[in-house]
Peer 1: 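Take this structure first; my questions come after.
Just so you know, these numbers use all the heavy atoms, side chains as well, and skip hydrogens, waters and symmetry mates.
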Amino acid sequence: MTALSPDTDPRISEEQEHLDRVYGRLDRMRRTTQRRLSSTLSERGETPQALSERESYERMYNEDLAKFDAAEHNLYFGRLDLDDGEIRRIGRIGVLDDGLGDDGTHDHTATDATLLLDWRAPLARPFYLATPAAPEDVARRRHIRTRSRKVRGVSDESLTAGDALLDDFGHGDVVNESALVAALNAARTGEMTDIVETIQREQDLIIRSTHRGVTVIQGGPGTGKTAVALHRAAYLLYTHREILSRSGILIIGPNDDFLSYIGQVLPSLGESGVLLSTIGDLFPGVRARSEDARVTTGVKGGLRMVDVLKRAVRAKQSLPSRPEPVDFDSYRVEIDSELVKAARAKARSTRRAHNQSQNAFLKAGLAELARRHASTIGSSLLDGSQLLSPADIADIRDEMSHDPDIRAALLKFWPTLTPQDMLRELLTDERAIRKTTPGWSDADRAALLREPRTYSTTGDDFSPADVPLLDELAELIGYGTDDAERAERARWRRQLAEAQDALDILTGSAPQDLEDELDPEILMAYDLIDAEQLASRQTETRRATTAERAYGDRTWTFGHVIVDEAQELSPMAWRMVMRRIPNRWMTIIGDTAQTSDEAGTRSWGEVLETYVAKRWQFKELSVNYRTPSEIMTYAARVLDEIGNGETAPTSLRSNGIEPVAIAVGDTGDAEGISAGVLRAVDLAEPQGLTAVVVPDTLVDAVNAALDPDAFDAKGVDAPKVYTVRTCKGLEFDTTIVVEPAAIIAQSPRGLSDLYVALTRATQRLVIVHDEALPAVLADLPAVTDAATPSR
Ligand SMILES: Nc1ncnc2c1ncn2[C@@H]1O[C@H](COP(=O)(O)OP(=O)(O)OP(=O)(O)O)[C@@H](O)[C@H]1O
C-alpha cells in the first residue's frame, strides 16, 4: 500500500482529471433533467391519461435529481487496474460518457463509454472481493479520497504479491484497508453512514446474494448486519428496479431512534422507494406509543392470542337472551335466538371475515323474518295455508331490508367491527378476557388487562405489542380496503400460497443452507411467485410514492421485506410481517444472543419453519467493526454466561482504551449515580457522542438528575439516557452503562440486555455502579477520584 502527499503524487492529477470529467457529465445530466422537469410541469393536457403521464414523469425526474444530489459527495472512490490493462472506475452511481466537453462541444478525446461504474454493477464487484490470495484478475486496487470535487488522496493496493501480503490487521482478507480504518475510527454523529467504499468480502456475499427466499443474517454486535441489510436493499433496488419500484421494500426496525439513525443511508445512496417502520407503526392509522410491562409484552406476543382474538370476534356474533321485539308496518315482529342462530350459521358458512359476512347474516335474518311475518299476516284463517305469493314475501323482505329499526335490531347480533374498538374493549374488560382465555393462568389474564385509557385518533394508547393483535383482528374482521380489491388480493395470496407449497415440496429435503444455484423446477416456482406479478396487482391510482401508498394500506404486499433486530419479533409480530410479504423474499437480520423481548426469538428455525419450511438460507458475519477488543473481552464473557453456543465476533481493532468502573459509594440514589455519570463523562476525552444506558427503573431519575448546565459549563452536550430497548442497534463513541447488576436483574433476558449495552461503544466504555458488579465484570479496573483512565 502506498500513499504520497497530494503535492507530490502524480496519481492525484490523473484522478483529478477524471473526476472533473465525471462531474462535468453529472452537471450536464442535472441540467438536462431540470429542463425536462420544468417543461413537464408547464404542460397543459388535462385528460386523466395526460395527468397520470405527467405525474409519473415528474416523479421520475425528481427521483433522478435526488439521485444526482446524493451522488455529489464521494462520487468517485475506487479504481481497478486489471491484469490485462483494463481500467474500471467505481462510484456511487453509473455515469456514461456523452463525449461532450465542458462547453458543450464534442470532445474527441473521450474514448471511454463508461466514466463510472455503479458500485452495484457486476463489473465493480472485484473492488470488494479481490484479495492478494484471490486477486480476481485485479493487479491493483486504488482508493480515491475526494472532498468538494477535489481529489485529496490516493492509496493503492497491489494484489499481485500473492498470499504473502497481509493487511495491517493480519487478516489477509480485509479490503480497502486504509479507508476502512478511517471509517471505523471516525467520530460518530448519531447518523449511520453508508459503507460503499469499504464493504468487506463476507458482507458483499450477502449484499449480492441471488437467493429468492428468506436469508437470515446472524452476527454478533457490530458485525455490520444493519449496514449490510441497507446496502442489500440498495443493491436489490438497482438489480430489480422494475419490480421493486412498484411493490416497494419494507424495512422494519426496533424503534424510532433506530429508524432515524439509519434513515439517511438509503437516501445517501440515491434510493428513496423504501418504507422504514417499526412494528408499532405498521398498522395504518395507529402510532403505538404506550408501553407495556415486560410480562404483558410476553403474553401478547404468544401464538395463543390467535385463538383469543378468534373467540373475541365470535363473541360479537351473539344470540339474544330473550326475543327482541321490533315494530314493523304497525305490527310487532320478534328476533329470537333461533332466527339469529340460523342466520349466524349461514354467515359463518361463507367462511369470510366477519364484516364481509355481515351481508350473508342480514340476508338470512331478513328472509326468515319476512317468512315469519308473512305467515302471521298472510295465513288463511281456514286452513292456515299461506295466502301470500313468494313475490309478496320478497317484497316484505325488501321493505324490511330498508327499515332502519329492523336492520339495527338484527345487526346488534352481527355488528360492524373495527380492530381498534374491539381490542380496546377486550383489554379493558375482565370478564371478556376470562371468557376468551380458557385454561389460562390468572397471572397471564391479569397481564392482558389494562385500565381504560383516554385515546386519540392516532391510536397512541396502543403499545407495539398490540399492533400485531390489531392486524390479526383486521384479518378476522376483514378490515382495510374495499371488498373488490380485497377479494383480488386474497385470490392472489392463495395463488402464492399454492406456489409456496409447491416450493416447499420441491425443496423439502434440501438442506437448510440452500445454495443459490437452484434446480430449474424450483426456479419455475419462483417465477410463479415473482414479485413483479404481485406488484402488477397493486394498482397505481394516486400520485403518492410507493412507500407512501404502502404505508397507508394494511393489505399492501411488498416485493422485499428486511427485518432488522429480528430477534425481538414475537410470534404474533411474525404473523403480521409475513402477511406483508406473501412471496417470502426476505432478509432477516439479528442476533439471538441480543434478544431482550419476552416474546422474542432464540431460534430462527422455530420462527421460520411455519412459513417457509426449510426454504431459507443462513449466513453469518463474524468480524466486529464497531467494538474495540478491549471492550469485547468483557462482552464476550457475558455472551459465555448467556450460553447459547454463540462465539463472540472478532474485533477488527483495538484502541488501547481499557473499560473502567466507577463505584459511586453507598449514596444509593439516582443523584449518586448521576454524579458517577458526570465523572464518567469527565474521563472521556474527546467526549464525542455519549450515551448513558440505564436499567428501566432509573430512566426518569437519571434524566432528572443530569443537569444540562453542568455539561454546558464543561462545553459538552449532555449525554442522552437510554434503556436497553431504546439503544438497540445504535452506537456511540462513549457508552456509560449504569448498574449492570440491575440490568441483569430486570428481566429473564437480563444477560442479553447487558450484552447489548456493553457493545454499543466504538471507543470507550465506563461502568457506573452502586450495587456490586456482576462476576463477569468484577475485575474491571476501578477509577478512584484521583485516577485518570488508562489509554
Ligand atoms: N465494511 C464496513 N466499512 C466501514 N464501516 C463498517 C463496515 N461494516 C460495518 N461498519 C460499521 O460498523 C458499525 C456497526 O455496524 P452495524 O450497526 O451495521 O452492526 P450490527 O451488526 O447491526 O450491530 P448490532 O447487532 O449491535 O446492532 C457501523 O458504524 C457500521 O457503519
Peer 1: Under 3.5 Å, is there a donor-acceptor pair between the Gln218 and Asp591 side chains?
Peer 2: yes

Peer 1: Give a yes or no answer on whether the side chain of Arg584 reaches the backbone of Arg212 with a donor-acceptor pair at less than 3.5 Å.
Peer 2: no

Peer 1: Given 3.5 Å as the limit, does a donor-acceptor pair link the side chain of Thr428 with the main chain of Arg424, or not?
Peer 2: yes

Peer 1: Rounded at 0.5 Å granularity, tell me how far OG1 in Thr297 sits from CD in Glu568.
Peer 2: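 Here the rounded value is 10.5 Å.
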
Peer 1: Could you walk me through whether Thr436 and Leu426 pass side-chain contact (heavy atoms from CB on, under 4.5 Å), step by step?
Peer 2: CA-CA 9 Å; Thr436 51; Leu426 174 68; 3.8 Å; yes

Peer 1: Hey, are Arg246 and Glu242 close enough for a salt bridge, meaning a charged N less than 4.0 Å from a carboxylate O?
Peer 2: yes

Peer 1: A cation-pi test, strictly: NZ or CZ of Arg304 under 6.0 Å from the centre of the six-membered ring of Trp440 and no more than 45 degrees from its axis. Yes or no?
Peer 2: yes

Peer 1: Using the side-chain contact (heavy atoms from CB on, under 4.5 Å) rule, take Asp329 and Ile396 through it: C-alpha gap first, then chi angles, then the decisive distance, then the call.
Peer 2: CA-CA 10 Å; Asp329 209 13; Ile396 296 175; over 6 Å; no

Peer 1: Can a salt bridge be assigned to the pair Glu368 and Arg371 using a cut-off of 4.0 Å between side-chain N and carboxylate O?
Peer 2: yes

Peer 1: Taking the side chain from His354 and the backbone from Ala474, do they hold a donor-acceptor pair closer than 3.5 Å?
Peer 2: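 No, His354 side chain to Ala474 backbone: no donor-acceptor pair under 3.5 Å.
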
Peer 1: Taking only Lys NZ, Arg NE, NH1 and NH2, and the carboxylate oxygens of Asp or Glu, determine whether Glu430 and Arg445 approach each other closer than 4.0 Å.
Peer 2: no

Peer 1: Is it true that Lys614 and Glu609 make a salt bridge, defined as a side-chain N closer than 4.0 Å to a carboxylate O?
Peer 2: yes

Peer 1: Can Gln317 and Arg348 be counted as having a side-chain donor-acceptor contact under 3.5 angstrom?
Peer 2: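 Result is yes, a qualifying pair exists.
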
Peer 1: Begin with the C-alpha distance, continue with both residues' side-chain angles, and end with the deciding distance and a verdict on side-chain contact (heavy atoms from CB on, under 4.5 Å) for Val577 and Ile279.
Peer 2: CA-CA 8 Å; Val577 170; Ile279 288 290; 3.9 Å; yes

Peer 1: Please collect all salt bridge (charged side-chain N to carboxylate O under 4.0 Å, His left out) contacts where either partner lies in residues 305-316, sequence neighbours excluded, each pair once.
Peer 2: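 Salt bridge (charged side-chain N to carboxylate O under 4.0 Å, His left out) check on residues 305-316 returns Lys316-Glu425.
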
Peer 1: Rounded to the nearest 0.5 Å, what's the gap from OH on Tyr479 to OG1 on Thr418? Could you check?
Peer 2: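 Reported to 0.5 Å precision, the distance equals 6.0 Å.
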
Peer 1: Charged N to carboxylate O below 4.0 Å: is that the case for Asp753 and Arg294?
Peer 2: yes

Peer 1: Within the 4.5 Å heavy-atom criterion, are Ile217 and Thr587 side-chain neighbours or not?
Peer 2: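 Yes. Closest side-chain heavy atoms under 4.5 Å.
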
Peer 1: Report yes or no: does His560 contribute a side-chain atom to a donor-acceptor pair with the main-chain N or O of Trp585 at less than 3.5 Å?
Peer 2: yes

Peer 1: Taking Phe618's backbone N and O only, do any of them form a donor-acceptor pair with Trp604's side chain (distance below 3.5 Å, no angle check)?
Peer 2: no

Peer 1: Are any of the side-chain nitrogens in Asp336 or Arg372 under 4.0 Å away from the carboxylate oxygens of its partner?
Peer 2: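 Yes, this pair counts.
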
Peer 1: Before you tell me yes or no, could you show the steps for Thr595 and Thr592 under side-chain hydrogen bond (donor to acceptor under 3.5 Å, both in side chains), namely the whole-Å CA-CA distance, both residues' side-chain angles and the distance that decides it to 0.1 Å?
Peer 2: CA-CA 5 Å; Thr595 308; Thr592 46; 5.7 Å; no

Peer 1: Could you check whether any side-chain N or O of Thr723 sits under 3.5 Å from a backbone N or O of Asp696, counting only pairs where one atom can act as donor and the other as acceptor?
Peer 2: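 The answer is no, because no donor-acceptor pair under 3.5 Å joins these two groups.
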
Peer 1: About how many Å separate CG of Leu417 and CD of Gln358, when rounded to the nearest 0.5 Å?
Peer 2: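 So the gap between those two atoms works out to 8.5 Å.
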
Peer 1: Between Arg725 and Asp257, is the salt bridge (Lys or Arg N to Asp or Glu O under 4.0 Å) condition met? List the steps.
Peer 2: CA-CA 10 Å; Arg725 242 185 232 198; Asp257 276 348; over 6 Å; no

Peer 1: Between Arg289 and Asp256, is the closest basic N to carboxylate O distance under 4.0 Å?
Peer 2: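 So Asp256 pairs with Arg289 through a salt bridge.
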
Peer 1: Any chance you could measure Leu282, atom CG, to Leu275, atom CG, to the nearest 0.5 Å?
Peer 2: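 If we round to the nearest 0.5 Å, Leu282:CG and Leu275:CG are 7.5 Å apart.
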
Peer 1: Quick one: do the Gln617 and Thr215 side chains pair a donor with an acceptor below 3.5 Å?
Peer 2: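 Side-chain D/A pair, Gln617 to Thr215: present.
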
Peer 1: I need the Leu309 CG to Leu473 CG distance, nearest 0.5 Å.
Peer 2: 4.5 Å

Peer 1: Just do the side-chain contact (heavy atoms from CB on, under 4.5 Å) check on Leu250 and Ser277 with the steps written out, would you?
Peer 2: CA-CA 7 Å; Leu250 167 67; Ser277 179; 4.2 Å; yes

Peer 1: Are there more than 12 heavy atoms of other residues, nucleotides or ligands under 6.0 Å from atom CG of Asp700?
Peer 2: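 Not buried by this count: 12 neighbours or fewer within 6.0 Å.
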
Peer 1: Can you confirm whether more than 12 heavy atoms, excluding those of Arg407, are under 6.0 Å from its CZ atom?
Peer 2: no

Peer 1: Once you round to the nearest 0.5 Å, how far does CD of Glu565 lie from OG1 of Thr278?
Peer 2: 13.5 Å

Peer 1: Could you check whether any side-chain heavy atom of Ile243 comes within less than 4.5 Å of a side-chain heavy atom of Ser247, counting everything from C-beta outward?
Peer 2: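 In short, these two side chains touch, coming nearer than 4.5 Å.
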
Peer 1: Asp471 side chain to Phe283 main-chain N or O, any donor-acceptor pair under 3.5 Å?
Peer 2: no

